[in-house]
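Take a look at the structure below.
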Amino acid sequence: MKKGKILVIGSSNTDMTVLTQRHPKPGETVLGGQFRMGAGGKGANQAVAAKRLGGDVAFVCKVGNDLFGDNAIHHYEEEGLDTSGILRSDAPSGVALITVDERGENAIVVASGANAEITAADIESIRSRIEEASILLLQLEIPVAAVQRAAEIAHGAGAYVILNPAPAQELPEALLRHISLIIPNHSEMYLLTGHDPIDDTSTDAALQTLHAKGIKDIILTLGSRGCVVDQPEQGTRVTIPAREVRAIDTTAAGDTFCGALCVALSEGKSLEEAARFATLASSLTVQRLGAQASIPFREEVEQLEPRPTT
Ligand code: ATP
Ligand code: RIB
């Protein structure tokens, strides 16, 4: 893989988060606790994670011509991201309504707004930026047509193309054939393969099903159960346990994992080494409230003692 530049193309949201003892059932109102507004969106979280953890990162998203959009761009500049490719729309900036229960589990509804306005033509207009990247990191909070175009261009230019297929949805073959590494969580893996990875047998079936769709490298993230790094061409499948920590809000755990992984890969680490670094980074995120508010910096990860591995 070429070392160097990481490009993240994806969503930018403002997160409105309420802590609650339990999530409401349909039709029910519950009285929650603390409210917080903060920067979020899977694309933005992953870009910020990669930057805080030491990457050379550019971020492309689409925000509205509104206060949330202005604030978001200002924030990304302060984070040190290359924001020169950020696009504007007349649609409102993306917003996510989040509840976090007492176990730290979240439930999220996204009003995509401007995120849903990113087109394949927009992606074509930033072709040269995509061709400069050595790693392209994508998620599914923007239209699949845009994701597919970006993957095609990057793959054609020899980049390592990583897809975090979140939120879960079915994916066209025409996209999958340009993906070098896919990083689904438990429920995304179930939707993509029909196999619920609850034990070794079903995990194996799920991984085989995804490989059969043409994807070589897979990292299946399993929350507090850690992750599985599967590289059949290398003949390796390694389970990396999560660190034992007290999770108070898992929002952006997966995003931190993806951003951290890209940084380690861009520094020439192996996929397994990168996943170990990502495991450390995301263990910090789950111990803090919020999305970007909870994403750690490089020094914090380097101070952690890695736990024994299987
Ligand atoms: P999110 O909650 O952000 O949607 P996700 O569902 O995309 O996350 P997970 O599989 O839940 O992704 O978590 C990604 C990684 O974060 C895990 O592989 C693990 O390393 C770490 N992680 C998640 N939850 C915990 C936890 N409770 N304790 C320690 N580490 C965790
Ligand atoms: O992955 C977490 C993110 O999902 C939140 O920041 C929220 O904006 C939603 O997009």
Side-chain angles (χ1 to χ4, degrees), residues 8 10-17 36-49 61 63 68 72 75 93-116 137 139-142 163-168 182-191 197 203 218-229 238-261 272 274-296 301 304 306-307 309:
V8 183
S11 58
S12 168
N13 293 332
T14 300
D15 289 356
M16 309 276 182
T17 303
R36 281 188 167 217
M37 188 168 83
K42 292 185 191 304
N45 297 345
Q46 295 182 14
V48 166
C61 62
V63 297
F68 282 169
H75 164 64
S93 296
V95 171
L97 302 181
I98 304 178
T99 49
V100 177
D101 72 12
E102 63 183 4
R103 293 170 308 159
E105 294 290 341
N106 61 45
I108 304 179
V109 180
V110 177
S112 296
N115 295 307
L137 176 59
Q139 326 73 32
L140 299 175
E141 276 189 343
I142 62 171
L163 177 65
N164 172 222
I182 193 164
I183 311 179
N185 70 4
H186 176 276
S187 57
E188 291 143 12
M189 188 60 142
Y190 182 44
L191 185 129
T203 297
I218 303 173
I219 299 182
L220 169 63
T221 66
L222 295 167
S224 58
R225 290 193 287 143
C227 69
V228 180
V229 183
V238 180
T239 298
I240 300 174
R243 292 182 77 240
E244 277 181 38
V245 297
R246 187 171 162 267
I248 61 161
D249 176 7
T250 63
T251 308
D255 297 332
T256 303
F257 187 98
C258 293
L261 188 98
E272 183 187 330
R276 291 190 189 283
F277 178 69
T279 298
L280 293 180
S282 51
S283 78
L284 290 172
T285 300
V286 303
Q287 296 176 74
R288 302 167 180 172
L289 277 183
Q292 282 163 50
S294 72
I295 294 172
V301 179
L304 292 176
R307 301 287 158 93
T309 55

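Computation of the quantities below employed the complete heavy-atom set of this structure, encompassing side-chain atoms and omitting hydrogens, waters and symmetry-equivalent molecules. Counting starts at 1 for both ligands and their atoms, in listed order.
With ligand atoms numbered from 1 in the order given, ligand 1 contributes 1 (P), 2 (O), 3 (O) to contacts under 4.0 Å with heavy atoms of T250. Atom numbering of ligand 1 starts at 1 in the shown order; those under 4.0 Å from a heavy atom of A252 are 3 (O). Within the listing of ligand 1, atoms 20 (O) sit less than 4.0 angstrom from a heavy atom of T279. Within ligand 2, the atoms closer than 4.0 Å to a non-hydrogen atom of G40 are 6 (O), 8 (O), numbered from 1 in the order shown. Close contacts of ligand 1 with V245, meaning ligand atoms under 4.0 Å from a residue heavy atom, involve 28 (N), 29 (C). Of all atoms in ligand 1, numbered sequentially from 1 with element shown, those under 4.0 Å from a heavy atom of A247 are 27 (N). The atoms of ligand 1 that sit less than 4.0 Å from any heavy atom of G226 are 17 (C), 18 (O). Below 4.0 Å from some heavy atom of A96 lie the following atoms of ligand 2, by number and element: 7 (C), 8 (O). Per-residue contacts place A242 under 4.0 angstrom from the following atoms of ligand 1 (heavy atoms of the residue considered): 29 (C), 30 (N). Shown in contact with G41 at under 4.0 Å from a heavy atom are these atoms of ligand 2, numbered in order with element: 5 (C), 6 (O), 7 (C), 8 (O), 10 (O). Close contacts between ligand 2 and A291 involve ligand atoms 6 (O) [criterion: under 4.0 Å to a heavy atom]. Those atoms of ligand 1 with a heavy atom of L222 less than 4.0 angstrom away are 10 (O).
Among protein heavy atoms, the minimum distance from atom 8 (O) of ligand 1 is reached at G254 N, 3.2 Å. Residue, atom and distance of the protein heavy atom nearest to atom 5 (P) of ligand 1 are N185 ND2, 3.7 Å. In terms of protein heavy-atom proximity, atom 3 (C) of ligand 2 is closest to N45 ND2, 3.6 Å. Looking from atom 20 (O) of ligand 1 to the surrounding protein, the closest heavy atom is S282 OG, 3.4 Å. The shortest contact between atom 2 (C) of ligand 2 and any protein heavy atom is with D255 OD2, 3.3 Å. Ranking the protein heavy atoms by distance from atom 5 (C) of ligand 2 puts D15 OD2, 3.3 Å first.
Look at A166 and you'll find every heavy atom at least 4.0 Å from all atoms of ligand 1. Contact analysis leaves S11 out of contact with ligand 2, as no non-hydrogen atom separation drops below 4.0 angstrom.
In this structure a side-chain-to-backbone donor-acceptor pair under 3.5 Å is missing from N106 to V100. Judged purely by atom type and a 3.5 angstrom limit, N13 has no side-chain atom pairing as donor or acceptor with the backbone of D15. In this structure a side-chain-to-backbone donor-acceptor pair under 3.5 Å is present from N115 to S112. A donor-acceptor pair under 3.5 Å links the side-chain atoms of D101 to the main chain of R103, judged by distance alone.
There is a side-chain donor-acceptor pair under 3.5 Å between T256 and T285. If you check the side chains of S283 and R243, you find a donor sitting under 3.5 Å from an acceptor. Side-chain contact, T221 with N185: no donor N or O sits under 3.5 Å from an acceptor N or O.
Counting non-hydrogen atoms of neighbouring residues, nucleotides and ligands closer than 6.0 angstrom, the CZ atom of R225 exceeds 12 such neighbours.
Taking only non-hydrogen atoms, the option from P167, G223, A253 nearest to atom 19 (C) of ligand 1 is G223. Nearest to atom 10 (O) of ligand 2 by heavy atom, out of Q292, K42, E141, is E141.
Checking atom 16 (O) of ligand 1 against the protein gives a heavy-atom contact under 4.0 Å.
Between A49 and G259, the shortest heavy-atom contact is CB-CA, 4.2 Å. Of all heavy-atom pairs between S224 and A242, the closest is O-CB, 3.5 Å. Taking every heavy atom of both residues into account, I142 and S11 meet most closely at CG2-N, 3.9 Å.
Residues V63 and F68 fail the side-chain proximity criterion, which asks for heavy atoms closer than 4.5 Å. Between C258 and L137 the shortest side-chain heavy-atom distance falls below 4.5 Å.
Residue contacts with ligand 2: I98 is placed with no nitrogen or oxygen under 3.5 Å of a nitrogen or oxygen of the ligand (distance criterion only). In terms of polar-atom proximity, S283 is not counted as a contact of ligand 1, lacking any N or O under 3.5 Å from an N or O of the ligand.
With values rounded to the nearest 0.5 angstrom, T99 atom OG1 is found 11.0 Å from E105 atom CD. I218 contributes atom CD1, which lies 5.0 Å from atom CE of M189 (distance to the nearest 0.5 angstrom).
When each of Q46, Q139, K42 is checked for a side-chain hydrogen bond (donor to acceptor under 3.5 Å, both in side chains) with N164, only Q46 meets the rule.
Of the heavy atoms in R243, only backbone atoms (N, CA, C, O) come closer than 4.0 Å to ligand 1. In T221, the parts holding a heavy atom less than 4.0 Å from any atom of ligand 1 are both the side chain and the backbone.
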